[in-house]
Protein chains: 2
Amino acid sequence: MLKPETPHRTTYRHGDLPHALLEAGLALARDGGPDAVVLREATRRAGVAPNAAYRHFADRQALLQSVCAAAQAALADAIEDELAALPPTRPAAKRARARLRAVGAGYLRFAQAEPGLFRTAFSVSDDLDSSTDPARAGRGGRTPFQLLADALDELVDAGVLLAARRPGAEFLAWSSVHGLGMLLIDGPLRALTREQRAAITSRLLEMVEQGL
Amino acid sequence: MLKPETPHRTTYRHGDLPHALLEAGLALARDGGPDAVVLREATRRAGVAPNAAYRHFADRQALLQSVCAAAQAALADAIEDELAALPPTRPAAKRARARLRAVGAGYLRFAQAEPGLFRTAFSVSDDLDSSTDPARAGRGGRTPFQLLADALDELVDAGVLLAARRPGAEFLAWSSVHGLGMLLIDGPLRALTREQRAAITSRLLEMVEQGL
DNA sequence: TGTTATTGTGGACACTGTACACAATGGAAG
DNA sequence: CTTCCATTGTGTACAGTGTCCACAATAACA
């Protein structure tokens, strides 16, 4: 019995092939990054002929784009988790600062916990519109970029950040945190111990907070 | 005449195939990024059979690694150019600050002028050792990372940066600048005008300087 | 001059993305 | 309930890729 083993279906129709392909693509991205998102392997895992994918995705790039959006949603979830775990804090200023830090910390935690998904999330060139695409939003309905923007708005409301310095601030913060993520997962900082990572993460977030 | 046109050689030996392959790989990376560095196309451009490459590179990954090193060297050159263009400045503190800015500015200028090479330069996962690999050094014999480290050392010498804050500072600075580079070349900031880019670059470098 | 290590060639295989024609099916129209 | 058709999955095919193997041409050395 060298036939396709378990994932054999009895009906001609698959039922929910788009979803199955997306899920398979996500699994491939999880260990292997964007390059590992391969059409034929995804269809194989879905128990379907290679060309079946073309009924639901224009081409490999289209599948990758969906996987990318799902990865961004997962990142948003990670950030929301970090925010939710925050203890209630009294002075609004302190609270706003803690929330900004949490966004950065959640971002970096996700990068290290799911490097494959993380790299996939930023593998397709996107423009300003796509950073607010609902497909990239997490449970709370906000994309990673929007969560960051929210945190910065709170900083302004709390009087910590000058309103004049608010425009564009998300790009400064994002740059720093994203850059560190890259260094940590496949740059020269890969070999650091957990403590060293935590230390440098903390310093970077401090730098951002101070330098905004 | 549908034969291979011009790049036909008369001798059996090529002469300097490793170099020719590297050069072809660099051209491919320049427009197309790391994924465009394709063995067969490189050999085609060198006017040689596909398998000839295996006499000089273990596999595609090995060629890509060489291309990556060359791209880092080009980045180092760009940074050195920026440093060389700096007017002589009197107070050592001011001078050191200007030089750190120049490192960041050269980095970002290169990212935008040669996005393909830039992405290729950071496409292979590297560890701490490889960031000082002489193959990645520019004309002055220093890698991009070393040029950054030098600038930070000058800041300490000039009394601008506390020696206690020096260790690890290159990672903070690099994170921010590299992250912005990614945003500018295939992130949401791609569509910005030249002025907007300059403005955000300036703000980011300011943030780094202040927050180190 | 003859031997040998180096370098390039030719053919082959397994994989990929993708196009085209075809088959099975489920749901709507009669 | 039957008929028809748009939707969805299949089969075959082609070009392109990385890589392996056996072989051929050559340069350098004995």
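Only a predicted model underlies this, so the values are computations on that prediction, with no experimental measurement involved. All chains are named by letter (A, B, ...) in the order of the sequence lines, taking the proteins before the strands, and each is independently numbered beginning at 1.
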Trainee: For B:Arg166, is there an ion pair with B:Asp153 - N to carboxylate O distance below 4.0 angstrom?
Mentor: yes
Trainee: Partners of A:Gln65 by side chain to side chain contact (heavy atoms under 4.5 Å, CB included), sequence neighbours excluded?
Mentor: A:Gln61
Trainee: Once you apply a heavy-atom cut-off of 4.0 Å, does B:Arg40 come out as touching a base, just sugar-phosphate, or nothing?
Mentor: base
Trainee: Which pairs count as ring-ring contact (aromatic ring centres under 6.0 Å, His included) when at least one residue sits in residues 20-48 of chain B, sequence neighbours excluded?
Mentor: none
Trainee: Which pairs pass salt bridge (charged side-chain N to carboxylate O under 4.0 Å, His left out) with one or both residues in residues 178-204 of chain A, sequence neighbours excluded?
Mentor: A:Arg119-A:Asp186
Trainee: Specify the separation, in whole Å, of atom CZ of B:Arg60 and atom P of D:dG16.
Mentor: 18 Å
Trainee: Could you check how far CG of B:Asp59 sits from P of D:dG18, rounded to whole Å?
Mentor: 10 Å
Trainee: Given C:dT7, D:dT10, D:dT19, identify the nucleotide with an atom nearest to the side chain of B:His56.
Mentor: C:dT7
Trainee: Report the distance from atom CG of A:Leu17 to atom C1' of D:dT7, rounded to the nearest whole Å.
Mentor: 13 Å
Trainee: Listed in order of residue number, which residues of residues 18-25 of chain A have a non-hydrogen atom at under 4.0 Å from DNA chain D?
Mentor: none
Trainee: In whole angstrom, give the distance that lies between atom CG of A:Leu63 and atom C1' of C:dT18.
Mentor: 14 Å
Trainee: Strictly by salt bridge (charged side-chain N to carboxylate O under 4.0 Å, His left out), give each pair with a member in residues 18-34 of chain B just once, sequence neighbours left out.
Mentor: B:Arg30-B:Glu114
Trainee: Mind checking what makes side-chain hydrogen bond (donor to acceptor under 3.5 Å, both in side chains) contact with B:Glu80, not counting sequence neighbours?
Mentor: none
Trainee: Quick one: B:Tyr54 OH to C:dC13 C1', roughly how many Å, whole number?
Mentor: 13 Å
Trainee: What is the separation between atom CG on A:Asp16 and atom P on D:dT8, rounded to the nearest whole Å?
Mentor: 11 Å
Trainee: Whether A:Arg109 and A:Asp81 form a salt bridge (side-chain N of Lys/Arg under 4.0 Å from carboxylate O of Asp/Glu) is what I want to check.
Mentor: no
Trainee: By the ring-ring contact (aromatic ring centres under 6.0 Å, His included) test, which pairs, at least two apart or in different chains, include something from residues 178-212 of chain A?
Mentor: A:Phe118-A:His178, A:Phe122-A:His178, A:Trp174-A:His178
Trainee: Rounding to an integer number of Å, can you tell me how far B:Leu28 CG sits from D:dT17 C1'?
Mentor: 14 Å
Trainee: Nearest whole angstrom, please: distance from the C1' of C:dA24 to the NE2 of A:His14.
Mentor: 16 Å
Trainee: Holding to side-chain hydrogen bond (donor to acceptor under 3.5 Å, both in side chains), I want the full list of residues that pass it with B:Asp157, two or more places apart in sequence or in another chain.
Mentor: none
Trainee: Side-chain N or O of B:Arg9 less than 4.0 angstrom from OP1 or OP2 on C:dT7?
Mentor: no
Trainee: Reading nucleotides 22-30 of chain D from the 5' end, what letters show protein touch, with B for base, S for backbone sugar-phosphate only, - for no heavy atom under 4.0 Å?
Mentor: B-BBBS---
Trainee: Within the structure, does a side-chain N or O atom of A:Arg44 lie under 4.0 Å from either OP1 or OP2 of C:dC15?
Mentor: no
Trainee: With nearest nucleotides of DNA chain D determined for A:Pro50 and B:Val37 from heavy-atom distances, which residue corresponds to the more 5′ nucleotide?
Mentor: A:Pro50
